[in-house]
Amino acid sequence: MSKVLVSPASSFSLSIDSIAADKSISHRSVMFAMLANGESTIENFLRAEDTMNSLEIVKNLGAKVSDDGKIIKISSDGIQESFEVLDCGNSGTGMRLFCGLLSSANGHFILTGDKYLRSRPMKRVTTPLLSIGAKLDGREDGDLAPLSIRGASLQAFNYESKIASAQVKSCMILAALRADGVCTYSEPELSRDHTERMLTGMGADVVVEGLQTTITPMKELLKPLTIRVPADPSSAFFFAVAVAITEGSSILLEGVTLNPTRIEAFKALERMGTDITYILTDNKYEPIGDIAVKYAPLKAITVEENISWLIDELPALSIAMACADGESLVKNAEELRVKESDRISTVVEGLRSANIEVHEYKDGYKIVGGILKSAKVDSDGDHRIAMSFIIAGLKCGMEVTDLECINTSFPNFFELLQKITKVELS
Ligand code: S3P
């Protein structure tokens with residue numbers, strides 16, 4: 001599967017109850033199970049490459065895992081030194097959170113990943129960890145994987161992060177749980193908060209006040225996690241954009257996390273004119289429900305606040321911006337440059353090749369709404385770039401290459417897309 005030809009779609013109306021499970025929550029569920037005093041139960045775990053790598057890693061760290069294909073049960077007698085190199089594949093979340101978990105574990109560990117992950121910055125976690133006594137290193141003075149970690153005693157800290165990153169925050173919260181005193185972590189804007197919600201649900205003393213989190217180290221192991229992972233709003237959002245650019249269409253996206261730190265892209269699409277409603281159906285660890293999306297003409301917007309709440313959805317949102325009336329602006333989004341690809345460049349290049357006028361800035365871009373035209377776009381190995389331009393194909397037809405990456409987060413993407421249009425894979 002290296003190339004897809006997507007045909008333009010006519011109006012459609014669908015309900016989808018099989019959007020891929022949430023990636024962030026799936027990673028965390030298997031890692032946090034290692035901190036519990038009994039068997040954790042995880043239903044609807046995301047069976048995609050990134051999260052299956054995390055599951056494999058916790059097995060290598062000595063967790064006992066049973067999996068009947070529906071429910072994964074995990075118990076652990078504490079983290080064991082691994083015989084294997086721990087391979088996070090394409091996942092920054094995996095690598096950065098495991099740094100926090102392993103920096104206080106007994107033993108020596110090597111974390112690696114694919115060629116894309118081995119080029120992504122790790123100093124954002126290695127620097128604060130080193131400053132509290134962790135022993136870890138990597139290429140380029142600890143910035144690039146492979147990383148080596150020798151578990152050590154960690155000191156209590158008050159860390160003020162310069163970036164709003166849930167990966168850095170989660171890494172430091174995991175380190176704090178085993179530090180030698182009460183720790184605080186603050187960030188410039190609230191980033192996604194699954195770690196705080198899940199650990200609190202497991203009985204950890206993690207208190208959030210505004211932008212500051214206070215963590216009291218664990219006195220004993222935590223309560224096991226019992227979770228059904230909701231659908232991933234970042235994956236669901238591709239289908240929201242499909243509706244937003246296809247006149248007369250509507251969709252019901254079922255069982256999605258409605259955590260406010262995750263649905264900002266849907267709010268942005270609402271500001272652009274799309275009709276969106278949220279139906280709360282459950283509340284365990286976080287609010288969960290259905291999202292109903294209905295087509296309405298799109299108008300341009302500026303996106304400059306709460307960027308970390310929609311950072312993963314900006315490539316797909318940019319497709320809606322390309323189809324909107326007027327000039328849309330994305331600002332304060334420099335973090336896009338260090339995602340699975342440099343997403344400012346990949347979005348700008350992809351849209352330009354599809355006949356859209358785009359102006360590139362250091363921290364974002366301006367998109368002049370116009371007529372999308374069929375083009376050939378390479379994903380640069382980035383799942384969200386691949387899926388965004390495939391969705392653009394619903395408007396005008398599109399050829400997208402380098403598709404294996406879609407398996408990192410949304411293995412049934414094409415199966416769902418085929419409900420909307422003709423898809424030729426080769
Ligand atoms: C994630 C946090 C975000 C996001 C990534 C998943 C997480 O990254 O882009 O896809 O699960 O913590 P940053 O925290 O680096 O912004």
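One-based numbering, in listed order, for ligands and for the atoms of each. Numbers here are sequence positions counted from 1. Just so we're clear, the structure is a prediction, and the values are computed from it rather than from any experiment.
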For residues F389 and V6, determine if any side-chain heavy atom of one lies less than 4.5 Å from a side-chain heavy atom of the other.
-> no
Measure the shortest side-chain to side-chain distance between T51 and K23 over non-hydrogen atoms and say whether it is less than 4.5 angstrom.
-> yes
Does a salt bridge link [X] with [Y], judged by any charged N lying under 4.0 Å from a carboxylate O?
{"X": "D232", "Y": "R262", "value": "yes"}
{"X": "R124", "Y": "E335", "value": "yes"}
{"X": "D22", "Y": "R192", "value": "no"}

Can you confirm, on distance only, whether ligand 1 has an N/O atom lying under 3.5 Å from any N/O atom belonging to [X]?
{"X": "S170", "answer": "no"}
{"X": "D312", "answer": "yes"}
{"X": "E340", "answer": "no"}
{"X": "R96", "answer": "no"}
{"X": "Q167", "answer": "yes"}
{"X": "R384", "answer": "no"}
{"X": "A166", "answer": "yes"}

May I ask you to identify, for I163, whether its side chain, its backbone, both or neither come under 4.0 Å of ligand 1 on a heavy-atom basis?
-> neither
Location of contacts on R192 toward ligand 1, heavy atoms closer than 4.0 Å | side chain
Number the atoms of ligand 1 from 1 as they appear, then name those within less than 4.0 Å of a heavy atom of I311, with their elements.
-> 9 (O)
Selected option - heavy-atom contact closest to atom 13 (P) of ligand 1, from C171, S165, P121 | S165
How are the rings of Y159 and Y185 set relative to one another: parallel (under 30°), tilted (30 to 60°) or perpendicular (over 60°)?
-> tilted
Measure up the F239 and F410 rings against each other and bin them: parallel (under 30°), tilted (30 to 60°), perpendicular (over 60°).
-> perpendicular
For [atom], what is the closest protein heavy atom, and at what distance to 0.1 Å?
{"atom": "atom 11 (O) of ligand 1", "value": "S24 OG, 2.7 Å"}
{"atom": "atom 6 (C) of ligand 1", "value": "T93 OG1, 3.3 Å"}
{"atom": "atom 16 (O) of ligand 1", "value": "K339 NZ, 3.3 Å"}
{"atom": "atom 12 (O) of ligand 1", "value": "R28 NH2, 2.7 Å"}

Check for a donor-acceptor pair, side chain of S328 on one end and backbone N or O of A300 on the other, with a separation under 3.5 Å.
-> no
Sub-4.0 Å heavy-atom approach of K169 to ligand 1 = no
Going through the checks in order, is the salt bridge (charged side-chain N to carboxylate O under 4.0 Å, His left out) test met by K169 and D193?
-> CA-CA 9 Å; K169 176 172 62 175; D193 61 357; over 6 Å; no
Could you list the donor-acceptor pairs under 3.5 angstrom formed between side-chain atoms of residues 54-61 and any protein atom two or more places apart in sequence or on another chain?
from: S54; atom 1: OG; to: H27; atom 2: ND1; distance (Å): 2.8
from: N60; atom 1: ND2; to: E56; atom 2: O; distance (Å): 3.4

